[in-house]
Amino acid sequence: MRLTRSLIPTLKETPAEAQIASHRLMLRAGLVRQTAAGIYAWLPAGLRVLRNIGQVVREEQDAIGCQEVLMPTLQPADLWRQSGRYDAYGPEMLRVKDRHERDLLYGPTNEEMITDLLRQSVKSYRELPQMLYHIQWKFRDEVRPRFGVMRGREFLMKDAYSFDLDYAGAVLSYRRMMLAYMRTFQRLGVKAIPMVADTGPIGGDLSHEFIILAPTGESGVFFDAGFEEIDWLAADFDASKPEDLERFFTQMTSLYAATDEKHDAAAWAKVPADRRREGRGIEVGHIFYFGRKYSEPMGLTVAGPDGAQIIPEMGSYGIGVSRLVGAVIEASHDEAGIIWPDSIAPFRAAILNLKQGDATTGAICETLYAKLGANALYDDRDERAGVKFNDADLMGHPWQIVVGPRGAANGKVELKRRAGGERVELSVEDALARVLGA
RNA sequence: CGGGCAGUAGCGCAGCCUGGUAGCGCAUCAGUCUGGGGGACUGAGGGUCGUGGGUUCGAAUCCCGCCUGCCCGACCA
């Protein structure tokens, strides 16, 4: 995109309502604008990030055989009456009536709806297991929305649901999803630590929160350094092999990790001192097994091989997609602005024409822009160099290609890496190769 | 939902106490100079002072109601 043709309204000053870094930077970098408390409009650059995160999530869900669907935001209250949650859910649920006075609700989650879908379409044990997900807007009428997009009322979430014939199958689905999550978060450029979470009335050990480390995180975390050392994209765990999933899960759960609420000083003491890591974290995902909590009351059954009806075992698996935008920024920024991981940056590179109107720099910029296309944001404004440097740092493009009259005379440009700040002078071709190759 | 704070130009703020036709910085627009880390000069545009009522000759300013937003707490992906 050409910046002169884009709606990317950067702000030099911080709006008074933004307190934490990610909120401040999202407003300043022109990613979002608030519409009402906890409700945001996503501007072009912000939407690109949101979509990029969604795409990584989607690819990793697809990779474990989880199928994408898209369920509506508005749901009939009757479905929720069947599970008993219509009355159990408090004022956090946004309830509305249609013109016929029928009760509807803006979905805060989709267990009832997905259970209903399976109930309508799955009749035999041969059709299980199934795993389905969607990426959809949710609404929870939080009493006190805050921290920008991190704790909004309207939020974009990936939620997945698994249906298995028995507990052993549900365990496999759970572990498979957990492995997908480790890969997903690594691809998003953040360190996510799975922490044992409260299982409530369900019991068991199949509930984990995924917490990414950020100094401004809402809860304190304690974990074994082992979590930071594993390269999930290279690890030899095959999600289709139960024995691999077993090995994976054992490794995961053998390492200590807990939030401050569940911190166990005795267990912590057993972790070698040089492997203890403490910090703060933000919850960006949650997976849990809940058995027949919905399938049973809602009457989801399939015929077994002997003709007996089987009530499927379910689990659900969330990732806060819009929250991740804020969380990633919390985990990756400096005084100057955002530092986007390559995988989700709105633009891979910014092209900074330091002397707009100059024939030489202009020609080089146009060449770069033609080659990079949608990967690039071309700052073609008639602004001073300093303004362009500052905005590029603020917006956090992984690469900045600086085209100034000095270098341009010799066909050189300067390539700056946002993370780390190294700059090198290169030929146009070499700069392109670096940016596209990285 | 309890406690606190705040709504004045796109953003950040002053003016309010002590009522008298609305101001500063940045941003925007035009022009000139400039040109590698938010530049300079000249000129210009932009405001139902959140909203409804009250007091008054006169209200951004005083009084009452309402709405909205922010912070702390309890709650949460």
| What string of B, S and - do you get for nucleotides 8-16 of chain B, 5' to 3', if B is base contact, S is sugar-phosphate-only contact and - is no contact with any protein heavy atom under 4.0 Å? | ---BSS---
| field | H23(A) ring center within less than 6.0 Å of F147(A) ring center | value | no
| query | Does A6(B) have a Watson-Crick or wobble partner in any strand here, with both distances under 3.5 angstrom, and which is it? | reply | U68(B)
| How does each nucleotide of nucleotides 72-77 of chain B score, in 5' to 3' order, for protein heavy atoms under 4.0 Å: base (B), sugar-phosphate only (S), or none (-)? | BBBBBB
| Y86(A) six-ring centre to R95(A) NZ/CZ under 6.0 Å and within 45° of normal | yes
| In B/S/- notation, 5' to 3', how is nucleotides 28-33 of chain B contacted by protein heavy atoms closer than 4.0 Å? | S-----
| said: Checking contacts here: which listed nucleotide (G35(B), G36(B), G38(B)) is nearest the side-chain heavy atoms of K12(A)? | reply: G38(B)
| remark: d(T259(A) OG1, I193(A) CD1) to nearest 0.5 Å is 12.5 Å
| task | For G36(B), give its Watson-Crick or G-U wobble partner with both distances under 3.5 Å, or none. | result | none
| Just checking A36(A): base, sugar-phosphate only, or nothing, at a heavy-atom cut-off of under 4.0 Å? | sugar-phosphate
| request: Rounded to whole angstrom, note down the C1' distance from A59(B) over to G52(B). | output: 15 Å
| For A44(B), which nucleotide in any strand shown is its Watson-Crick or wobble partner with both distances under 3.5 Å? | U28(B)
| What interatomic distance, in whole Å, is found between C1' of A22(B) and the corresponding atom of C13(B)? | 14 Å
| said: Please give me the minimum heavy-atom distance between N52(A) and A345(A), naming the atom from each residue. | reply: ND2-O, 2.9 Å
| remark: Between the CE atom in M113(A) and the CD atom in Q136(A), the distance rounded to the nearest 0.5 Å is 10.0 Å
| field | Base partner of U21(B), which must satisfy Watson-Crick or wobble distances under 3.5 Å | value | none
| Do R2(A) and E366(A) meet the salt-bridge criterion of a basic N to acidic O distance under 4.0 Å? | yes
| message | Is it the case that the base of G39(B) and the side chain of R384(A) share a donor-acceptor contact (distance under 3.5 Å, atom types as modelled)? | response | yes
| query | Looking only at atom P, what distance separates G65(B) and C72(B), rounded to whole Å? | reply | 27 Å
| message | With a sphere of 6.0 Å drawn around CZ of R51(A), does it hold more than 12 non-hydrogen atoms of other residues, nucleotides or ligands? | response | no
| field | Separation of atom CZ in R381(A) from atom C1' in G36(B), rounded to whole Å | value | 15 Å
| message | Both conditions, 6.0 Å and 45 degrees, for the charged tip of R417(A) above the ring of W399(A): are they met here? | response | yes
| query | Has the side chain of D382(A) got a donor or acceptor atom sitting under 3.5 Å from an opposite partner on the base of G35(B)? | reply | yes
| said: Are H134(A) and K158(A) packed together at the side-chain level, in the sense that at least one heavy-atom pair is separated by less than 4.5 angstrom? | reply: no
| task | Please determine which of M252(A), K191(A), R277(A) meets the side chain to side chain contact (heavy atoms under 4.5 Å, CB included) test together with F227(A). | result | M252(A)
| Considering only heavy atoms and no angle criterion, is a donor-acceptor pair shorter than 3.5 Å present between the side chain of D391(A) and the base of G38(B)? | yes
| request: Find which nucleotide of RNA chain B each of G404(A) and A37(A) is nearest to by heavy atoms, and output the residue with the more 5' nucleotide. | output: G404(A)
| said: Can you confirm whether or not the ring centre of Y256(A) sits under 6.0 Å from the ring centre of W268(A)? | reply: yes
| What is the distance, rounded to the nearest whole Å, between atom CZ of R33(A) and atom P of G69(B)? | 17 Å
| message | In whole Å, I'd like the distance from the CD1 atom of I39(A) to the C1' atom of U68(B). | response | 13 Å
| field | Test side chain to side chain contact (heavy atoms under 4.5 Å, CB included) applied to V402(A) and F389(A), step by step | value | CA-CA 9 Å; V402(A) 180; F389(A) 286 133; 3.8 Å; yes
| task | Please measure how far the C1' atom in C64(B) lies from the corresponding atom in C71(B), and state the result in whole Å. | result | 26 Å
| message | So for Q34(A) and G69(B), does any side-chain atom that can act as donor or acceptor lie under 3.5 Å from a complementary atom in the base? | response | no
| query | Counting distance only, does the side-chain N/O of Y181(A) pair as donor-acceptor with the main-chain N or O of Y317(A) below 3.5 Å? | reply | yes
| Which whole-number value in Å describes the distance from I351(A) CD1 to G36(B) C1'? | 18 Å
